[in-house]
Amino acid sequence: MGTYLNPDNEVFCKMVNSEIYVDKTGMLQYTNKVVNTMQGCLCVSRPRRFGKSMAAAMLAAYYSCGCDSEALFSPFAIAQSQDFKKYLNKYDTIFLNMQEFLSQSKDMEEMLALIQKSVLWELLEKYPGLRYFDTTNLARTMQDMYAATRRPFVIIIDEWDCIFREYKTEKAAQERYLDFLRNLIKDKGYIHLAYMTGILPIKKYGTHSALNMFDEFTMLEPGPLASYVGFTEREVEELCRRYAIDMEEVKNWYDGYSFETEPCVYSPRSVISCMRLGKIGNYWNQTESFEALQTYIDLNFDGLKDDILSMLAGERIPVNTGSFINDMATFRTEDDVLTLLIHLGYLAYDDVNKCVFIPNDEVRSEYVNAVSVSDWGEISKALKNSADTLAAIWDKRPALVAERIQEAHFETSHIQYNDENALSYTISLALYAARNFYTVHREWAGGKGFADLVFLPRKRFPEKPALVVELKWDQSAAGALEQIKRNEYCKSLSEYHGNLLLVGINYNKKTKEHECIIEENRK
(Lines give C-alpha, C1' and ligand atoms only; values in the text may rest on other atoms or scores of the structure.)
Protein backbone atom coordinates (compact mmCIF):
# COMPACT_ATOMS: atom_id res chain seq x y z
CA MET A 1 0.00 0.00 0.00
CA GLY A 2 1.09 3.58 -0.57
CA THR A 3 0.10 7.19 -0.05
CA TYR A 4 -1.19 7.75 -3.58
CA LEU A 5 -1.03 4.28 -5.13
CA ASN A 6 -3.24 1.64 -3.52
CA PRO A 7 -4.07 3.47 -0.27
CA ASP A 8 -5.37 1.54 2.71
CA ASN A 9 -8.91 1.77 4.10
CA GLU A 10 -8.12 3.63 7.33
CA VAL A 11 -10.03 6.80 6.42
CA PHE A 12 -13.20 4.91 5.55
CA CYS A 13 -12.73 2.79 8.67
CA LYS A 14 -12.79 5.96 10.80
CA MET A 15 -15.97 7.04 9.07
CA VAL A 16 -17.69 3.71 9.78
CA ASN A 17 -16.52 3.75 13.41
CA SER A 18 -17.83 7.26 14.03
CA GLU A 19 -20.81 7.83 16.32
CA ILE A 20 -22.98 8.51 13.29
CA TYR A 21 -22.44 6.78 9.98
CA VAL A 22 -25.17 6.78 7.35
CA ASP A 23 -24.74 3.97 4.83
CA LYS A 24 -24.07 5.38 1.37
CA THR A 25 -22.31 2.32 -0.02
CA GLY A 26 -25.19 1.77 -2.42
CA MET A 27 -23.47 4.31 -4.65
CA LEU A 28 -20.87 1.64 -5.41
CA GLN A 29 -23.52 -0.32 -7.31
CA TYR A 30 -23.56 2.50 -9.86
CA THR A 31 -19.78 2.84 -10.12
CA ASN A 32 -19.50 -0.95 -10.49
CA LYS A 33 -22.06 -0.78 -13.28
CA VAL A 34 -19.92 1.63 -15.30
CA VAL A 35 -16.48 0.12 -14.61
CA ASN A 36 -14.63 -0.49 -17.89
CA THR A 37 -17.37 1.07 -20.02
CA MET A 38 -17.69 4.29 -22.01
CA GLN A 39 -19.46 5.75 -18.96
CA GLY A 40 -16.56 5.00 -16.63
CA CYS A 41 -15.59 8.65 -16.09
CA LEU A 42 -17.69 10.40 -13.41
CA CYS A 43 -17.48 13.96 -12.09
CA VAL A 44 -19.61 14.51 -8.98
CA SER A 45 -19.98 18.10 -7.75
CA ARG A 46 -21.62 19.05 -4.46
CA PRO A 47 -21.37 21.92 -1.95
CA ARG A 48 -19.10 21.86 1.06
CA ARG A 49 -20.40 19.76 3.95
CA PHE A 50 -22.10 17.29 1.60
CA GLY A 51 -19.74 14.33 2.02
CA LYS A 52 -17.65 14.58 -1.16
CA SER A 53 -14.39 13.52 0.47
CA MET A 54 -16.16 10.76 2.40
CA ALA A 55 -17.49 9.31 -0.86
CA ALA A 56 -14.02 9.46 -2.40
CA ALA A 57 -12.52 7.68 0.62
CA MET A 58 -15.23 5.01 0.37
CA LEU A 59 -14.39 4.33 -3.28
CA ALA A 60 -10.68 4.11 -2.48
CA ALA A 61 -11.32 1.61 0.33
CA TYR A 62 -13.49 -0.49 -1.96
CA TYR A 63 -11.38 -0.62 -5.13
CA SER A 64 -7.81 -0.38 -3.79
CA CYS A 65 -5.86 -3.61 -3.89
CA GLY A 66 -3.70 -2.18 -1.12
CA CYS A 67 -6.12 -3.39 1.56
CA ASP A 68 -8.69 -6.06 2.42
CA SER A 69 -12.07 -4.35 2.99
CA GLU A 70 -14.51 -7.26 2.81
CA ALA A 71 -15.26 -7.26 6.55
CA LEU A 72 -15.50 -3.47 6.55
CA PHE A 73 -18.17 -3.36 3.82
CA SER A 74 -20.05 -6.54 4.72
CA PRO A 75 -22.61 -4.90 7.09
CA PHE A 76 -23.67 -2.37 4.45
CA ALA A 77 -25.90 -2.16 1.38
CA ILE A 78 -23.23 -2.90 -1.21
CA ALA A 79 -22.66 -6.35 0.29
CA GLN A 80 -26.09 -7.38 -1.01
CA SER A 81 -25.07 -6.67 -4.60
CA GLN A 82 -24.15 -9.64 -6.80
CA ASP A 83 -21.07 -7.72 -7.96
CA PHE A 84 -19.87 -6.96 -4.42
CA LYS A 85 -16.80 -9.21 -4.53
CA LYS A 86 -16.21 -8.91 -8.27
CA TYR A 87 -14.53 -5.51 -7.91
CA LEU A 88 -13.70 -5.46 -4.20
CA ASN A 89 -9.99 -4.58 -3.73
CA LYS A 90 -9.19 -5.70 -7.27
CA TYR A 91 -7.70 -2.52 -8.77
CA ASP A 92 -4.47 -0.59 -8.70
CA THR A 93 -6.01 2.59 -7.36
CA ILE A 94 -4.56 6.08 -7.51
CA PHE A 95 -6.02 8.57 -5.01
CA LEU A 96 -5.19 12.27 -5.41
CA ASN A 97 -6.34 15.17 -3.24
CA MET A 98 -5.60 18.15 -5.46
CA GLN A 99 -5.82 20.62 -2.59
CA GLU A 100 -2.83 18.91 -0.99
CA PHE A 101 -0.69 19.37 -4.10
CA LEU A 102 -1.91 22.93 -4.66
CA SER A 103 -0.96 24.01 -1.14
CA GLN A 104 2.60 22.72 -1.68
CA SER A 105 3.18 24.49 -5.00
CA LYS A 106 3.84 28.06 -6.06
CA ASP A 107 2.33 27.74 -9.55
CA MET A 108 0.59 25.30 -11.86
CA GLU A 109 3.75 23.87 -13.44
CA GLU A 110 5.21 23.07 -10.05
CA MET A 111 1.94 21.49 -8.94
CA LEU A 112 1.68 19.21 -11.97
CA ALA A 113 5.33 18.22 -11.63
CA LEU A 114 4.75 17.36 -7.97
CA ILE A 115 1.73 15.19 -8.82
CA GLN A 116 3.64 13.23 -11.43
CA LYS A 117 6.75 12.80 -9.28
CA SER A 118 4.74 11.65 -6.24
CA VAL A 119 2.71 9.04 -8.10
CA LEU A 120 5.60 7.83 -10.25
CA TRP A 121 7.70 7.29 -7.11
CA GLU A 122 5.22 4.66 -5.91
CA LEU A 123 4.36 3.19 -9.32
CA LEU A 124 8.00 2.49 -10.20
CA GLU A 125 8.59 0.97 -6.78
CA LYS A 126 5.72 -1.48 -7.30
CA TYR A 127 6.57 -2.32 -10.90
CA PRO A 128 10.37 -2.19 -11.25
CA GLY A 129 12.25 -3.72 -14.17
CA LEU A 130 9.63 -3.05 -16.85
CA ARG A 131 10.53 -1.38 -20.13
CA TYR A 132 9.47 2.29 -19.85
CA PHE A 133 9.51 4.93 -22.57
CA ASP A 134 9.73 7.93 -20.21
CA THR A 135 9.74 7.50 -16.42
CA THR A 136 9.07 11.22 -15.92
CA ASN A 137 5.75 11.10 -17.81
CA LEU A 138 2.91 9.73 -15.68
CA ALA A 139 0.48 8.92 -18.50
CA ARG A 140 3.12 7.15 -20.63
CA THR A 141 4.39 5.18 -17.63
CA MET A 142 0.88 3.99 -16.68
CA GLN A 143 0.35 2.98 -20.30
CA ASP A 144 3.59 0.99 -20.34
CA MET A 145 2.68 -0.73 -17.06
CA TYR A 146 -0.74 -1.71 -18.37
CA ALA A 147 0.76 -3.04 -21.60
CA ALA A 148 3.16 -5.24 -19.63
CA THR A 149 0.91 -6.39 -16.76
CA ARG A 150 -2.68 -5.92 -18.09
CA ARG A 151 -3.56 -4.52 -14.69
CA PRO A 152 -5.94 -1.55 -15.14
CA PHE A 153 -6.29 1.45 -12.84
CA VAL A 154 -9.01 3.19 -10.89
CA ILE A 155 -8.21 6.87 -10.39
CA ILE A 156 -9.98 8.94 -7.72
CA ILE A 157 -9.48 12.71 -7.58
CA ASP A 158 -10.79 14.69 -4.62
CA GLU A 159 -11.09 18.51 -4.66
CA TRP A 160 -10.48 18.37 -8.40
CA ASP A 161 -11.72 21.96 -8.86
CA CYS A 162 -9.63 23.69 -6.19
CA ILE A 163 -7.58 25.23 -9.00
CA PHE A 164 -10.66 27.12 -10.22
CA ARG A 165 -11.30 28.40 -6.71
CA GLU A 166 -7.70 29.45 -6.01
CA TYR A 167 -6.65 30.52 -9.55
CA LYS A 168 -9.99 32.19 -10.31
CA THR A 169 -8.76 34.50 -13.05
CA GLU A 170 -5.72 32.62 -14.37
CA LYS A 171 -7.07 31.10 -17.56
CA ALA A 172 -3.72 29.76 -18.78
CA ALA A 173 -3.14 27.83 -15.55
CA GLN A 174 -6.69 26.44 -15.65
CA GLU A 175 -6.30 25.25 -19.24
CA ARG A 176 -2.91 23.69 -18.47
CA TYR A 177 -4.49 21.75 -15.60
CA LEU A 178 -7.43 20.56 -17.71
CA ASP A 179 -5.08 19.43 -20.45
CA PHE A 180 -3.06 17.44 -17.91
CA LEU A 181 -6.19 15.62 -16.72
CA ARG A 182 -7.35 14.98 -20.27
CA ASN A 183 -3.99 13.51 -21.23
CA LEU A 184 -4.01 11.32 -18.13
CA ILE A 185 -7.55 9.96 -18.45
CA LYS A 186 -9.23 10.45 -21.83
CA ASP A 187 -9.39 7.40 -24.12
CA LYS A 188 -6.90 5.49 -21.99
CA GLY A 189 -7.38 1.73 -21.92
CA TYR A 190 -5.53 1.54 -18.62
CA ILE A 191 -8.32 3.52 -16.87
CA HIS A 192 -11.33 1.38 -15.93
CA LEU A 193 -12.89 4.00 -13.65
CA ALA A 194 -12.17 7.70 -13.09
CA TYR A 195 -14.04 9.45 -10.31
CA MET A 196 -13.64 13.17 -9.60
CA THR A 197 -15.37 15.16 -6.92
CA GLY A 198 -15.49 18.87 -6.17
CA ILE A 199 -17.80 21.85 -5.78
CA LEU A 200 -17.91 23.08 -9.37
CA PRO A 201 -18.94 21.25 -12.52
CA ILE A 202 -16.27 20.89 -15.21
CA LYS A 203 -14.96 24.20 -16.49
CA LYS A 204 -15.99 25.20 -20.02
CA TYR A 205 -13.61 27.17 -22.18
CA GLY A 206 -13.34 27.90 -25.87
CA THR A 207 -15.64 25.82 -28.02
CA HIS A 208 -15.26 22.60 -26.05
CA SER A 209 -14.47 21.12 -22.69
CA ALA A 210 -11.12 19.45 -22.22
CA LEU A 211 -12.87 16.77 -20.15
CA ASN A 212 -15.90 16.00 -22.25
CA MET A 213 -15.52 12.27 -21.58
CA PHE A 214 -17.00 12.73 -18.09
CA ASP A 215 -20.60 12.12 -17.09
CA GLU A 216 -21.43 14.94 -14.68
CA PHE A 217 -23.68 14.69 -11.63
CA THR A 218 -24.37 18.13 -10.15
CA MET A 219 -26.76 20.02 -7.88
CA LEU A 220 -28.68 20.84 -11.06
CA GLU A 221 -28.76 17.29 -12.43
CA PRO A 222 -27.69 14.62 -9.92
CA GLY A 223 -29.15 11.84 -12.06
CA PRO A 224 -29.01 8.34 -10.57
CA LEU A 225 -26.82 9.60 -7.70
CA ALA A 226 -29.54 11.90 -6.27
CA SER A 227 -29.99 9.83 -3.10
CA TYR A 228 -26.26 10.14 -2.39
CA VAL A 229 -26.07 13.96 -2.58
CA GLY A 230 -27.07 14.37 1.06
CA PHE A 231 -29.21 12.65 3.67
CA THR A 232 -32.66 11.52 2.57
CA GLU A 233 -35.85 12.02 4.54
CA ARG A 234 -35.89 8.39 5.65
CA GLU A 235 -32.30 8.56 6.87
CA VAL A 236 -32.94 11.75 8.86
CA GLU A 237 -36.15 10.37 10.38
CA GLU A 238 -34.18 7.40 11.67
CA LEU A 239 -31.55 9.67 13.22
CA CYS A 240 -34.23 11.84 14.85
CA ARG A 241 -35.79 8.76 16.44
CA ARG A 242 -32.42 7.56 17.68
CA TYR A 243 -31.45 10.90 19.18
CA ALA A 244 -34.94 12.07 20.22
CA ILE A 245 -34.70 15.25 18.14
CA ASP A 246 -37.84 16.90 16.76
CA MET A 247 -38.09 16.01 13.06
CA GLU A 248 -40.11 19.11 12.17
CA GLU A 249 -37.40 21.38 13.55
CA VAL A 250 -34.66 19.47 11.74
CA LYS A 251 -36.64 19.72 8.50
CA ASN A 252 -37.06 23.48 8.82
CA TRP A 253 -33.36 23.97 9.46
CA TYR A 254 -31.59 21.50 7.19
CA ASP A 255 -33.97 20.25 4.47
CA GLY A 256 -34.85 22.10 1.26
CA TYR A 257 -32.71 20.61 -1.50
CA SER A 258 -34.90 18.73 -3.92
CA PHE A 259 -34.50 16.45 -6.93
CA GLU A 260 -36.99 14.56 -9.06
CA THR A 261 -36.30 11.22 -7.40
CA GLU A 262 -35.43 12.64 -3.96
CA PRO A 263 -37.82 15.45 -3.03
CA CYS A 264 -36.23 16.01 0.40
CA VAL A 265 -32.44 16.20 0.74
CA TYR A 266 -30.73 17.38 3.93
CA SER A 267 -27.34 18.93 4.60
CA PRO A 268 -25.37 15.97 6.07
CA ARG A 269 -22.78 17.75 8.20
CA SER A 270 -25.41 19.97 9.81
CA VAL A 271 -27.70 17.04 10.59
CA ILE A 272 -24.85 15.07 12.16
CA SER A 273 -23.76 18.07 14.26
CA CYS A 274 -27.35 18.61 15.39
CA MET A 275 -27.71 14.97 16.47
CA ARG A 276 -24.34 14.74 18.22
CA LEU A 277 -24.71 18.03 20.08
CA GLY A 278 -28.43 17.66 20.70
CA LYS A 279 -29.19 21.17 19.52
CA ILE A 280 -30.79 22.82 16.51
CA GLY A 281 -28.46 25.53 15.26
CA ASN A 282 -26.40 26.99 12.46
CA TYR A 283 -23.50 24.63 11.77
CA TRP A 284 -23.01 25.89 8.22
CA ASN A 285 -20.76 28.76 9.31
CA GLN A 286 -18.35 26.39 11.05
CA THR A 287 -16.84 25.51 7.66
CA GLU A 288 -17.30 28.79 5.77
CA SER A 289 -18.02 32.34 6.92
CA PHE A 290 -20.88 34.37 5.49
CA GLU A 291 -18.36 36.69 3.80
CA ALA A 292 -18.08 34.07 1.04
CA LEU A 293 -21.78 34.57 0.29
CA GLN A 294 -21.55 38.33 0.72
CA THR A 295 -18.99 38.56 -2.09
CA TYR A 296 -21.52 37.26 -4.61
CA ILE A 297 -24.76 38.88 -3.46
CA ASP A 298 -23.05 42.28 -3.45
CA LEU A 299 -22.20 42.02 -7.16
CA ASN A 300 -23.72 44.89 -9.10
CA PHE A 301 -26.24 43.14 -11.34
CA ASP A 302 -29.64 44.68 -11.98
CA GLY A 303 -32.29 42.76 -10.10
CA LEU A 304 -29.92 40.63 -7.98
CA LYS A 305 -30.53 42.51 -4.74
CA ASP A 306 -34.28 42.53 -5.32
CA ASP A 307 -34.34 38.79 -5.98
CA ILE A 308 -32.31 38.07 -2.83
CA LEU A 309 -34.84 40.07 -0.82
CA SER A 310 -37.73 38.22 -2.47
CA MET A 311 -36.15 34.88 -1.59
CA LEU A 312 -35.58 36.02 2.01
CA ALA A 313 -39.32 36.64 2.08
CA GLY A 314 -39.94 33.07 0.89
CA GLU A 315 -40.34 33.57 -2.85
CA ARG A 316 -38.91 31.52 -5.73
CA ILE A 317 -37.03 33.25 -8.55
CA PRO A 318 -36.79 32.11 -12.21
CA VAL A 319 -33.24 31.36 -13.35
CA ASN A 320 -31.45 30.38 -16.56
CA THR A 321 -28.58 28.07 -15.60
CA GLY A 322 -27.35 27.50 -19.15
CA SER A 323 -25.02 30.50 -19.47
CA PHE A 324 -22.85 29.67 -16.44
CA ILE A 325 -19.37 28.54 -17.56
CA ASN A 326 -18.49 26.83 -14.29
CA ASP A 327 -15.97 29.14 -12.71
CA MET A 328 -16.03 31.62 -9.83
CA ALA A 329 -14.88 34.72 -11.67
CA THR A 330 -16.84 35.03 -14.93
CA PHE A 331 -20.27 36.55 -14.26
CA ARG A 332 -22.07 38.07 -17.21
CA THR A 333 -25.60 38.07 -15.83
CA GLU A 334 -27.48 37.75 -12.57
CA ASP A 335 -28.34 34.19 -13.63
CA ASP A 336 -24.64 33.26 -13.54
CA VAL A 337 -24.42 34.39 -9.91
CA LEU A 338 -27.57 32.50 -8.93
CA THR A 339 -26.30 29.36 -10.67
CA LEU A 340 -23.00 29.51 -8.78
CA LEU A 341 -24.96 29.85 -5.53
CA ILE A 342 -26.80 26.62 -6.43
CA HIS A 343 -23.50 24.78 -6.75
CA LEU A 344 -22.26 26.31 -3.49
CA GLY A 345 -25.42 25.15 -1.68
CA TYR A 346 -26.66 28.65 -0.91
CA LEU A 347 -29.67 28.14 -3.18
CA ALA A 348 -31.81 25.13 -4.04
CA TYR A 349 -33.01 24.49 -7.58
CA ASP A 350 -36.48 23.52 -8.76
CA ASP A 351 -35.80 21.76 -12.07
CA VAL A 352 -39.47 21.48 -13.02
CA ASN A 353 -40.20 25.20 -12.75
CA LYS A 354 -36.61 26.36 -13.45
CA CYS A 355 -36.37 28.55 -10.36
CA VAL A 356 -34.24 28.98 -7.25
CA PHE A 357 -35.01 29.53 -3.59
CA ILE A 358 -33.32 29.61 -0.20
CA PRO A 359 -33.53 25.99 0.98
CA ASN A 360 -33.85 26.25 4.77
CA ASP A 361 -33.49 28.34 7.91
CA GLU A 362 -29.81 27.53 8.36
CA VAL A 363 -28.87 28.92 4.96
CA ARG A 364 -31.34 31.79 5.29
CA SER A 365 -29.52 32.94 8.42
CA GLU A 366 -26.32 33.19 6.33
CA TYR A 367 -28.08 35.56 3.93
CA VAL A 368 -29.25 37.68 6.84
CA ASN A 369 -25.71 37.83 8.22
CA ALA A 370 -24.39 38.86 4.82
CA VAL A 371 -27.08 41.47 4.14
CA SER A 372 -26.81 42.92 7.65
CA VAL A 373 -23.16 43.91 7.11
CA SER A 374 -23.62 44.97 3.48
CA ASP A 375 -24.48 48.43 2.26
CA TRP A 376 -28.12 47.66 1.63
CA GLY A 377 -29.49 50.77 3.32
CA GLU A 378 -32.74 50.45 5.24
CA ILE A 379 -32.95 46.72 4.50
CA SER A 380 -29.82 46.01 6.52
CA LYS A 381 -31.19 48.17 9.32
CA ALA A 382 -34.59 46.46 9.23
CA LEU A 383 -33.03 43.01 9.54
CA LYS A 384 -30.94 44.14 12.48
CA ASN A 385 -34.04 45.64 14.14
CA SER A 386 -36.38 42.73 13.37
CA ALA A 387 -36.10 41.32 16.90
CA ASP A 388 -37.27 44.66 18.30
CA THR A 389 -40.19 44.70 15.84
CA LEU A 390 -41.27 41.24 16.96
CA ALA A 391 -40.97 42.21 20.63
CA ALA A 392 -43.13 45.26 19.96
CA ILE A 393 -45.89 42.97 18.64
CA TRP A 394 -45.63 40.73 21.70
CA ASP A 395 -45.82 43.81 23.92
CA LYS A 396 -48.80 45.12 21.90
CA ARG A 397 -47.11 48.39 20.92
CA PRO A 398 -48.63 49.07 17.48
CA ALA A 399 -47.08 52.53 17.00
CA LEU A 400 -43.57 51.10 17.36
CA VAL A 401 -44.43 48.20 15.03
CA ALA A 402 -45.62 50.68 12.37
CA GLU A 403 -42.42 52.69 12.80
CA ARG A 404 -40.22 49.61 12.33
CA ILE A 405 -42.19 48.50 9.28
CA GLN A 406 -41.75 51.99 7.86
CA GLU A 407 -37.99 51.53 8.18
CA ALA A 408 -38.21 48.26 6.27
CA HIS A 409 -40.26 49.86 3.50
CA PHE A 410 -38.35 49.67 0.24
CA GLU A 411 -39.02 50.44 -3.40
CA THR A 412 -37.22 48.61 -6.20
CA SER A 413 -37.57 48.10 -9.91
CA HIS A 414 -38.48 44.45 -9.32
CA ILE A 415 -40.79 44.69 -6.32
CA GLN A 416 -42.98 47.75 -6.91
CA TYR A 417 -44.42 48.88 -3.61
CA ASN A 418 -47.97 49.17 -4.85
CA ASP A 419 -50.01 46.23 -3.55
CA GLU A 420 -50.52 43.89 -0.61
CA ASN A 421 -48.12 41.34 -2.07
CA ALA A 422 -45.27 43.86 -2.00
CA LEU A 423 -46.30 44.86 1.51
CA SER A 424 -45.98 41.23 2.59
CA TYR A 425 -42.30 41.26 1.51
CA THR A 426 -41.69 44.24 3.76
CA ILE A 427 -43.45 42.58 6.69
CA SER A 428 -41.50 39.36 6.17
CA LEU A 429 -38.21 41.26 6.36
CA ALA A 430 -39.29 43.48 9.25
CA LEU A 431 -40.28 40.34 11.17
CA TYR A 432 -37.39 38.17 10.02
CA ALA A 433 -36.44 37.38 13.64
CA ALA A 434 -39.83 35.67 14.01
CA ARG A 435 -38.40 32.70 12.10
CA ASN A 436 -36.36 31.88 15.21
CA PHE A 437 -39.59 31.16 17.10
CA TYR A 438 -42.25 30.52 14.45
CA THR A 439 -43.09 28.59 11.34
CA VAL A 440 -44.30 31.24 8.89
CA HIS A 441 -47.19 30.57 6.51
CA ARG A 442 -48.37 32.84 3.71
CA GLU A 443 -51.98 32.61 2.54
CA TRP A 444 -53.04 30.36 5.43
CA ALA A 445 -56.37 28.62 4.82
CA GLY A 446 -58.69 29.19 7.74
CA GLY A 447 -62.40 29.88 8.28
CA LYS A 448 -63.90 31.53 5.21
CA GLY A 449 -60.75 32.52 3.40
CA PHE A 450 -56.99 32.90 3.55
CA ALA A 451 -55.07 34.90 6.11
CA ASP A 452 -52.15 36.84 4.60
CA LEU A 453 -49.58 35.71 7.17
CA VAL A 454 -49.81 33.26 10.06
CA PHE A 455 -46.96 32.70 12.53
CA LEU A 456 -47.25 29.40 14.42
CA PRO A 457 -44.94 28.87 17.43
CA ARG A 458 -42.45 26.08 17.07
CA LYS A 459 -42.71 23.26 19.56
CA ARG A 460 -39.77 24.60 21.56
CA PHE A 461 -41.62 27.87 22.22
CA PRO A 462 -45.14 26.99 23.42
CA GLU A 463 -45.30 30.17 25.49
CA LYS A 464 -45.17 32.40 22.39
CA PRO A 465 -48.48 33.64 21.00
CA ALA A 466 -49.56 32.64 17.53
CA LEU A 467 -49.87 35.64 15.21
CA VAL A 468 -52.49 36.20 12.51
CA VAL A 469 -51.49 39.13 10.30
CA GLU A 470 -53.78 40.72 7.73
CA LEU A 471 -52.48 43.34 5.31
CA LYS A 472 -54.33 46.18 3.61
CA TRP A 473 -53.24 48.52 0.87
CA ASP A 474 -54.56 52.09 1.07
CA GLN A 475 -57.49 51.07 3.28
CA SER A 476 -57.28 50.76 7.10
CA ALA A 477 -55.66 48.65 9.78
CA ALA A 478 -59.03 48.48 11.56
CA GLY A 479 -60.51 47.00 8.38
CA ALA A 480 -57.75 44.39 8.30
CA LEU A 481 -58.55 43.36 11.88
CA GLU A 482 -62.25 43.22 11.13
CA GLN A 483 -61.58 40.91 8.17
CA ILE A 484 -59.70 38.46 10.42
CA LYS A 485 -62.76 38.26 12.69
CA ARG A 486 -65.41 38.31 9.97
CA ASN A 487 -63.78 35.52 7.97
CA GLU A 488 -62.98 33.52 11.12
CA TYR A 489 -59.34 33.00 10.21
CA CYS A 490 -58.67 31.79 13.75
CA LYS A 491 -60.97 28.80 13.49
CA SER A 492 -58.16 26.51 12.44
CA LEU A 493 -56.02 27.72 15.35
CA SER A 494 -58.13 26.41 18.20
CA GLU A 495 -55.09 25.01 20.03
CA TYR A 496 -53.85 28.58 20.49
CA HIS A 497 -56.97 29.68 22.36
CA GLY A 498 -56.05 32.48 24.74
CA ASN A 499 -52.55 32.75 23.29
CA LEU A 500 -53.19 34.50 20.00
CA LEU A 501 -52.55 38.00 18.68
CA LEU A 502 -54.42 39.55 15.75
CA VAL A 503 -52.38 42.10 13.80
CA GLY A 504 -53.83 44.46 11.19
CA ILE A 505 -51.43 46.49 9.04
CA ASN A 506 -52.24 49.07 6.38
CA TYR A 507 -50.13 51.23 4.08
CA ASN A 508 -51.57 54.65 3.29
CA LYS A 509 -50.64 55.46 -0.28
CA LYS A 510 -51.28 59.17 0.17
CA THR A 511 -49.27 59.72 3.36
CA LYS A 512 -46.80 56.92 2.52
CA GLU A 513 -47.03 55.70 6.08
CA HIS A 514 -47.93 52.40 7.74
CA GLU A 515 -50.41 51.92 10.54
CA CYS A 516 -50.87 48.95 12.84
CA ILE A 517 -53.50 47.66 15.25
CA ILE A 518 -52.85 44.72 17.60
CA GLU A 519 -55.55 42.90 19.53
CA GLU A 520 -55.36 39.90 21.81
CA ASN A 521 -57.70 37.07 20.90
CA ARG A 522 -60.92 37.09 22.95
CA LYS A 523 -62.57 33.74 22.22
Just to verify, which of V503, L501, V440 counts as forming a side-chain contact (heavy atoms from CB on, under 4.5 Å) with F455? V440
For S103 and E100, indicate whether the former's side chain and the latter's backbone hold a donor-acceptor pair under 3.5 Å. yes
Taking K354 for its side chain and D351 for its backbone only, find out whether a donor-acceptor pair lies under 3.5 Å. yes
For atom CZ of R460, is the number of surrounding heavy atoms from other residues, nucleotides or ligands below 6.0 Å larger than 12? yes
Main chain of E109, side chain of D107: is a donor-acceptor contact present, judged purely on distance under 3.5 Å? yes
Between F50 and Y257 (judged by ring centroids, cut-off 6.0 Å), do the two rings come close enough to count as a pair? yes
Compare every heavy atom of D361 with every heavy atom of R364, then report the nearest pair and how far apart it is. NH1-OD1, 2.9 Å
For S227 and T232, which heavy atoms make the closest approach, and how far apart are they? O-CG2, 3.8 Å
Close aromatic pair by centroid cut-off 6.0 Å: F217 and Y30: yes
If you take all heavy atoms of N360 and N252, which pair is closest and at what distance? CB-O, 3.3 Å
Could you walk me through whether I94 and I157 pass side-chain contact (heavy atoms from CB on, under 4.5 Å), step by step? CA-CA 8 Å; I94 296 174; I157 302 177; over 6 Å; no
N-O pairing of E19 and R242 below 4.0 Å: no
Would T330 and D327 satisfy side chain to side chain donor-acceptor pair (under 3.5 Å), going step by step from the backbone distance to the final call? CA-CA 6 Å; T330 309; D327 69 23; 2.9 Å; yes
Backbone N or O of C264 within a donor-acceptor pair of the D255 side chain at under 3.5 Å? no
Would you mind checking if D350 and R316 are paired as a salt bridge, meaning a charged N to carboxylate O distance below 4.0 Å? yes
Of the options Y254, Y367, Y346, which is the one that meets W284 in a ring-ring contact (aromatic ring centres under 6.0 Å, His included)? Y346
Donor-acceptor contact below 3.5 Å, side chain E166 vs main chain C162: no
Test side chain to side chain donor-acceptor pair (under 3.5 Å) on E366 and N282 and set out the steps. CA-CA 9 Å; E366 292 299 286; N282 187 348; 2.8 Å; yes
Below 30° counts as parallel, above 60° as perpendicular, anything between as tilted: where do the rings of F324 and H343 land? parallel
Quick one: does any side-chain atom of T333 pair with a main-chain N or O of D335 as donor and acceptor, under 3.5 Å? yes
Check the surroundings of atom CD in E238: do more than 12 heavy atoms from other residues, nucleotides or ligands lie under 6.0 Å from it? yes
Could you tell me whether K459 and E249 have a side-chain N and a carboxylate O separated by less than 4.0 Å? no
Closest non-hydrogen contact found for N436 with F461 is O-CE1, 3.3 Å
Main-chain N/O of Y228 paired with R46 side-chain donor or acceptor, under 3.5 Å: yes
Lys/Arg N to Asp/Glu carboxylate O, R234 vs E237, below 4.0 Å: no
Salt bridge flag under 4.0 Å for residues E233 and K251: yes
Do S323 and D336 have side-chain atoms, one donor and one acceptor, less than 3.5 Å apart? yes
Expected output: side-chain K464 to main-chain W394 donor-acceptor under 3.5 Å: no
Between S18 (side chain) and I20 (backbone), is there a donor-acceptor pair under 3.5 Å? no
Pairing of D179 and R182 as salt bridge, 4.0 angstrom limit: yes
Kindly indicate, with the supporting measurements, whether the criterion salt bridge (charged side-chain N to carboxylate O under 4.0 Å, His left out) is fulfilled by K472 and E515. CA-CA 10 Å; K472 289 297 177 185; E515 61 174 327; over 6 Å; no
Is the side chain of Q174 donor-acceptor paired with the backbone N or O of K168 at a distance under 3.5 Å, no angle test? yes
Are Y283 and W253 close enough, and set up right, to give a ring-ring contact (aromatic ring centres under 6.0 Å, His included), and what steps lead you there? CA-CA 10 Å; Y283 301 104; W253 270 88; 8.6 Å; no
Evaluate the side chain to side chain donor-acceptor pair (under 3.5 Å) criterion for residues Q475 and N506: first the C-alpha distance (whole Å), next the side-chain angles of each, then the deciding distance (0.1 Å), finally the verdict. CA-CA 6 Å; Q475 297 183 46; N506 177 61; over 6 Å; no
What are the two closest heavy atoms between M275 and Y243, and how far apart are they? O-CD2, 3.4 Å
Crowded around E221 CD? As in, over 12 foreign heavy atoms under 6.0 Å? no
Check this for me, if you would: do R442 and E315 make a salt bridge, where the nitrogen-to-carboxylate-oxygen distance has to be below 4.0 angstrom? yes
How close do S258 and P263 get, counting heavy atoms only, and between which atoms? OG-O, 3.2 Å
Run the salt-bridge test on D161 and R165 with the 4.0 Å N-O cut-off and return the result as yes or no. yes
Would you please indicate if the ring centroids of W160 and F214 are separated by under 6.0 Å? no
